[in-house]
Structures are given as C-alpha cells and as structure tokens.
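What follows is a set of notes on a single structure, which appears directly below.
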Amino acid sequence: MTNQRPDDGEIDAVTLDHLADAHHLASTALTWLDASREYFRLPRSGHRDPNNDFKPLGELALAASLVMRENTGGQRESRLAPTLIEFAWEELDRGTLLYEQQLRHPLLTDLMEIYAPFARAGYRHAPLEELLAHLTALRATAVPEMMPNRRLAVLNAARVIGLPLSADMEQVAERTWLGGTPEPWMIDWSTAYAVTHTVFHLTDWAARPKGLPKRLQEYLRAWLPVWLEIWLEAAQWDLVAELLLVDVCLEQPGYHPHAWRKLREAQHDNGMLPYGPHPTPERPEDAFTANYHPTCVAAIAGTLAVSRGIGELARHAPAVT
Amino acid sequence: MTSTSPPVRVVYTEAVEALAAAVVRALRSADDGFRLIDQLRPYTRHKAGLAALRVLGPDALAPFVLGGHRLDEEDVEAVLLSLRVFPAPSDGPGAEVALLQDWATSELLVRLGVDQLRLFPDGFVSVPEQPGGVWPSPEREWPAWGARMARLAGLALPGLRCPVYYQARHHPLALARGVTRAMLRRDYPTAARLVRWMAAVEASDPSAPHTTPATEAGTTLQIPPLLRHLQIYAGREWRSALDIELAEHMVGLTA
C-alpha cells in the first residue's frame, strides 16, 4: 500500500512574519479579555444554568492556564494571565460553585471540564476532587451518551486533574469523525469543530503532539490547508483560529503564514476577534457574548503558535561554539 | 416587428451544451451512429454549431477515440472548418487553453488516421514545452495551480502526453486538494474537471497514487465515490456530465 506524498506541500520553515502576527493576535486578545472582565462576571443571584453560565469563565481560565503553561509571551502576558485566572477562580467562589453544581448534577461533565484549567494552573478544590474521583469511578459515568469528540474532552480533563481515565483515549479517537479519515470533501462547519476538538484533547492543547496518532497527523497535513482556505474565504474567523490551532498541535505544523496574517487583519484594534463575517453588535455586552469565544481561541492559538515557533527556531539555530 | 430569436450568446451557450450532450450520449452507446455534422445542422443561421465544436475541441472527438464510433470525412471537414472560422487567440486568458486544445485536437485527428499535413499545412504543431510560462507552485499555490489545471482539463484524455499531463501526474496532492476545495465550495464543474485529471493519471499509470484503494491514512482520494457524487450533483449540466463520463471511461467505470 503506497502512501506517497510526492509533493507534500507545507512550508516547513517557521517565518518570523507569522510569529509576529501570532504574537500580536494573542497579546491583543488577552488585552481585550482583561478589559472585558465585568462581562465575564456571573449573575449575582437567581437560578444558575450549570451548562451555560460558567462556560465563559471556563474558557477564560483555559486561555489563561495555557498562556501560563507556555510562558513564552512578553512580560505583559506573563503578568495578565495569572490575574485573569485568579479573577475567574474568585468568581467561582474559589471552586465552591463548581462543587455545589457537581453535587446537584452528578452526571454533568462540563463542571469537570471547567475545573481542569484551574487545576492545571494550581488552583485546587479538595472536596470537588474527592467528589470527581468518586463519580468518575462509577460505571454510570464510564458509559456516557456522548459524541466521541466530547468524550475526549472529558477524558483529557480527567487526565489534567489527575483522575484515572475511564476509557482509552486512542480507542475513543477511533470513533471520532477524524478517526475515520473520511473523504475530506464531505466536511462541514460543525464537523470541522468536531475535528478541531478531537485534536485539542488528544494532544492536550499542543502539549503532546504524539497523542495524535500518526495516520491522523498525515491526514490533517494533507487536508488542513484546504479546510483553511474554505473557511478563510467564508471569513469564519473562529473556525480559522481553531484550524490554525490544530496545525500547531501537529508534530510538523504547516504554519500557514497567510492565514495568520488574515486573522490578524480580521482582529479589531481593541483585540477582539469577530466570530465570523457578520457585523459586531454595537452594545459592548452583546459584542462580548458574540465574540468572547473566538477571542479566547485567538489568545490560545497565538500563544501556542509562538511557543511552537520559538521552539522550532531554537532547534534550527546554529550552535553557539 | 421585434425579433423573437434569443440573443446570440444564448444560442452559442446552448449549442455547446447540446454538443456536449450528444457526445455524452455517443459515449454511452456505440449503437447509434454519431456524426459531428449532424450536431451542427440545427445551427444553420449562426456559426454556433462550429463555435461549439471549437469550444469542446478534443472532447468532440471522444466518441471516435473512446466510444467506438467511426469518424468520416465530413466530420473531419467540420472540425477543420471550426479551426479556420475561429482561429485561436494569440494572447489573453484564453490563448493557452486554445493553443493546447488545438494541439490535442490535431493529435487525436492524426491518431484517427487524418494526414497531419491536411491539418496544419503551414507546419504548426508541436506541444509547447512550457505552456504559458511559469506555473504556480503546486505546494504553496495549490489553489491557483488547481484553477489552471481545471481550465486545461480538455487535455485530460487517454494517451495525450503534454506538460500539463505531467503536472497532473507529478502533483497528486495538489490535484486532490484542488478537487477537495472545489467540492467544498460546491463548484462542481471545477471539481469534475479536476477529477478528470485524476482519472487520466490513473488510466495512464497503474502505479499512480490515486489507484490505491483509500490508503489507511486517507491522504489520497478515491475516484469512484467522487464521480458518483458529481453525477448526482452536477450531472444535469452537460459539460460537467461530459467530464464525468470521460473520467468514468478512463478509469473503467462505464458499463
């Protein structure tokens, strides 16, 4: 069975232009996230929907925890990220709100996913961890009615927190859309998101590229450039940012400098990355609701691209004698 | 009194579609006789029939090359007339396509037994070594590369060897990316043209990557499901139907 890649098409060199664009994207995105703190706050009273109310804080914590993990930003980023995660932790009553919701909804997995980046950054809640250890050991949580890419999110959260895994991640990956290496011309918008998340969780957000099986890496190296073109043309900036983040999760990223440039051009001066081609709502709170997610993705993707890029540059730098 | 005739451009477009339809039917069945001259008859008022012949170029000869039909003298005359009435532009965007299509037409006519001297008494005809100068990089500029290959898909016929064919053969990943992009953009005519190149490469080279059943990593495209998909989504456009039909012929998918 041949697996020829005679004109395997990626630019292997890291370009300084793309590093500058990625750094700018991440740095200004963090600035916007920081300036948007008041919109991240939880409602002070009333019923809380554990599925949705905590999600923005969880994404903020994820972005901040990855900036802290990589520690390759400038001084400003290094200072901002810990204050953002501290803010989010305070909003969640230092984990107690997650704990209470988890007690109430024992089968709900979102809370564990939200907790994981805090745990990564050293914010721990002992009763919540005790509860999670109990729940994740039950057969009831080992057979969730859940899409395989979502299952990977939960498993990766457990791994980050340090809980035993209830399933083998590679086996779950086989059942994802990406795992089937399907006709690349059949992908659609929502399936593309399933693909990006499969990659994020298997590699723990680019920390372990080898967690993505070789054959899936080859598949993505072949078709990711096409998908990028498709969603660049459609100005789907959120998905473009996620696809670029996928690229950075590969053992051999393609880097795609032109896509970084377009993403940077799409970013507003204040650092907000619009979700897609539609006009941004005028009221700041509506703009926040529409665009906090892509801006978190921009912060993560830019940070990881800079981190990978610097690593590559260092690897190829001539030895100092 | 106003004329009820459709505008000339519409007549010409319809003539191309009608000729493409006739060629598709001829490829599907060798039972009924197929003559180019019969296809031109409805267009006595315009030169639309000849223009259609000129536009389809080598594709109009496919029933004789692939479909088992016999080319007769009147048909040869019609093809030569179309070349004289509509000479190839010497520059502009259509020049490269016209130049190469004329070369392909002459190759096929010679293969069908027509004397080369009759075709180009002035001594035309060798394949340009580098058609149209520098090609976009199939690695970094695969979208532009694919767009050019799609424009030149009329050359994707069995046995035709020219620099464009070798572009297709040597850059299967760029070709597959072009197909994938066109499919996702629902630009089925472009997809059909590029799949036709994939089929031409597969037909000429049993060891070409496309012939492997989907590799485990899925980094090559399988031609049959693409053609079935295109047949359903684009088969009603006769020019695309012709691209699909020719691709099926080349990879042996026809009944």
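Here is the naming used below: chain letters follow the sequence lines, and residue numbers restart at 1 for every chain. All figures in this text were calculated on a predicted structure; none of them were measured in a lab. As a basis for the values below, the full set of heavy atoms in this structure was taken, side chains included, without hydrogen atoms, waters or symmetry mates.
- With sequence neighbours left out, the side chain to side chain donor-acceptor pair (under 3.5 Å) criterion links A/Asn291 to no other residue.
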Can you give each donor-acceptor pair under 3.5 Å made by side-chain atoms of residues 12-19 of chain B, sequence neighbours left out, with the distance rounded to 0.1 Å?
{"residue": "B/Thr13", "atom": "OG1", "partner": "B/Arg9", "partner atom": "O", "Å": "2.8"}
{"residue": "B/Glu17", "atom": "OE1", "partner": "B/Trp238", "partner atom": "N", "Å": "2.9"}
{"residue": "B/Glu17", "atom": "OE2", "partner": "B/Arg239", "partner atom": "N", "Å": "3.2"}

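- The backbone N or O of B/Gly218 sits less than 3.5 Å from a side-chain atom of A/Trp223, completing a donor-acceptor pair.
- Along residues 185-198 of chain A, the residues that come nearer than 4.5 angstrom to chain B, judged on non-hydrogen atoms, are A/Trp185, A/Met186, A/Ile187 in order of number.
- Heavy atoms from other residues, nucleotides or ligands lying under 6.0 Å from CE of A/Met147 number 12 at most.
- Here A/Leu224 contributes atom CG and B/Arg177 contributes atom CZ; the two are 9.0 Å apart, rounded to the nearest 0.5 Å.
- Looking at heavy atoms from C-beta onward, A/Pro184 lies in side-chain contact with B/Leu221 at the 4.5 angstrom threshold.
- Going from atom OG1 of B/Thr219 over to atom CZ of A/Arg215 covers 11.5 Å, rounded to the nearest 0.5 Å.
- For residues 229-240 of chain A, a heavy-atom distance under 4.5 Å to chain B picks out A/Glu229, A/Ile230, A/Glu233, given by residue number.
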